[in-house]
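Note on naming: letters A, B, ... go to the chains in the order of the sequence lines (proteins, then strands), and numbering restarts at 1 for each one. All heavy atoms count here, side chains included; hydrogens, waters and symmetry mates do not.
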Amino acid sequence: MTAEISIRNVSMEFPTPDGVKHVLNDISYDVNQHHFVSIVGPSGVGKTTLLRLLTGLMKPTSGEIQVHGERISGAPKGLAVVLQDYTRSLMPWLTIEKNIALPLRNQKLGKAETRERIESSLEEVGLSGTGGNYPWQMSGGMQQRASIARALAVRPTILVMDEPFASVDAQTRFDLEDLVLKVRADFGITTLMVTHDIDEAVYLSDEIVVLHGRPAGVRDVVVVDIPFPRSQIETRNDQRFTELRTHVYAMVRGLE
Amino acid sequence: MTVSRRLLAVLIGAWLPVLLVYLWWTASAESTNPYFPPLSVIWTRFLELWVFDQVPVHVVPSLQNLAVGYAIAVVAGVGVGAVLGVSRRTARYVEPVVDFLRSIPAVATVPVFIVIFGLDASMRIAAISVAATWPILIATMQGVRATDPTLLDTAAVFRITGAQQLWRVRLPAAQPIIFSGLQLGLQIAFVVTIASEYLGAGFGIGAFTLIATDSFLILDAWTGVILMGLLGYAINIVFDIVERIALRWYIGQKKLA
């Protein structure tokens, strides 16, 4: 396995009126190609900060992040995101189709190719035929599917998701989790997800990175040795699933 | 909206103007005061002059100046406003000047433009465009600054940056705010269109009305005033229609929220 993303000794500090706030301390971790990795930890631990560093939206105070062995500055090529707040991440003045087409402009595709990308990514997420709608005309679950379609259309090698299912109801959440598993099986995109839902992390991931402490460091990396394909009913009743979630939960709460 | 509800809305909006016109009509019917002729007489004269005998002579030049001046204001206001909205550093240098210039009453600048451009249409167009630029510029600057950071983050990760980000994300997101500036700018442009014709113009609605007053053609002056009112109203209606089409996404989104 080769490392798609390398996080090398990354520390992050923010200046605040009360002095410097040290959020992340000396984090090192390699994300293997085609792996699904979740980042969990107590709220406020710095998960989203780490994610902003990975997407190039911020620069670490020290250390570096490499994608395919090259240090990133700015958003790396071939990376796509799905954010929690779909209502503020999809452009409300564009239809779903045009939202998906927007990031494709930089790829200089022909008209036919662009159309094909839009159609195939909408189909992948089960939204065929709805491309003419505006985001706000659709349910939350459908909007988040559209965000995933937009991410897939750029044919990313890396997909980064920040609490992607935190704002939808429980049933929709299960559906979207299974959608993500399908996408991953279909395309083998290396995926990094921040979540506060430990069950979700265990259900979806190959590995779980547990952040803990102030400033936060990598408390542990848990390998989820449950075979794919996984299913909402069987996997969640699996004894190994229960063991792993209990283990991760205890670490997140600082009990282990 | 159903047809009957739309009709009801029109009726609710119309009763007061209709009543006022009726009161004016009846109260002035027997008037012999040369300054306040009967509305019926004014109306007859209005039809003689403005349907459509004098329209090419006086209305067309006014509307031409308005259209050209406003178009320049829209381009300049949105363009400069967008740059100042994105670049804080530029804004720090330029904003005090903008604040000073926009504080000068629009009509007061006309003599300055006469000095620069003389008395032809270019002077009027310059005065209109400068006066209308400020509200558009300020609204665009504020709108572009207020872009939701989540939208900007999303755009940045998809490598939509720089000019593309301004054109594809910040400006469209700012449309609702920009349109309020565009509307204010249009109203100011109309005022300056008329006011600029009060100085040294032979043609135009403002010039017509002023010359009529100076020549004691009170009846003609009254028709000029009514024409300005109706034109201003019509221009606003056209603006509202354009706005409603451009902001369909925003109106639809707010209705559902």
> What part of D148(B) is in contact with chain A, defined as an atom under 4.5 angstrom from a non-hydrogen atom: side chain, backbone, both or neither?
Replying inline: side chain

> So with a 6.0 Å cut-off around CD of E70(A), is the heavy-atom count from everything else above 12?
Replying inline: no

>> Tell me whether the count of non-hydrogen atoms from other residues, nucleotides or ligands lying under 6.0 Å of CD in E123(A) goes above 12.
In response: no

> Which residues in residues 39-65 of chain A have any heavy atom lying under 4.5 Å from a heavy atom of chain B?
Replying inline: R52(A), T55(A), L57(A)

> If you check every heavy atom in residues 88-100 of chain A against those of chain B, which residues fall under 4.5 Å?
Replying inline: R88(A), S89(A), L90(A), M91(A), P92(A), W93(A)

Check: residues 228-240 of chain B side-chain donor-acceptor pairs under 3.5 Å, at least two apart:
{"unit_1": "N236(B)", "atom_1": "OD1", "unit_2": "Q183(B)", "atom_2": "NE2", "d": "3.0"}

> Can you say whether L79(A) sits under 4.5 Å from chain B via the side chain, the backbone, both, or neither, judging by heavy atoms?
Replying inline: both

> Do you know which two heavy atoms are closest between A75(A) and A156(B), and how far apart they sit?
Replying inline: CB-O, 3.4 Å

> Within a reach of under 6.0 Å around CZ of F117(B), are more than 12 heavy atoms found that belong to other residues, nucleotides or ligands?
Replying inline: yes

> How long is the gap from CZ on F158(B) to CZ on R105(A), to the nearest 0.5 Å?
Replying inline: 15.0 Å

> L256(B) versus chain A, heavy atoms under 4.5 Å apart: side chain, backbone, both or neither?
Replying inline: side chain

>> Can you tell me how far apart OG1 (T150(B)) and CG (L83(A)) are? Round to the nearest 0.5 Å.
In response: 7.0 Å

> Just checking heavy atoms, which of residues 129-161 of chain A are less than 4.5 Å from chain B?
Replying inline: Y134(A), W136(A), Q137(A), R150(A), A151(A), V154(A)

>> Quick check on K182(A): does its NZ atom have over 12 non-hydrogen neighbours (other residues, nucleotides or ligands) under 6.0 Å away?
In response: yes

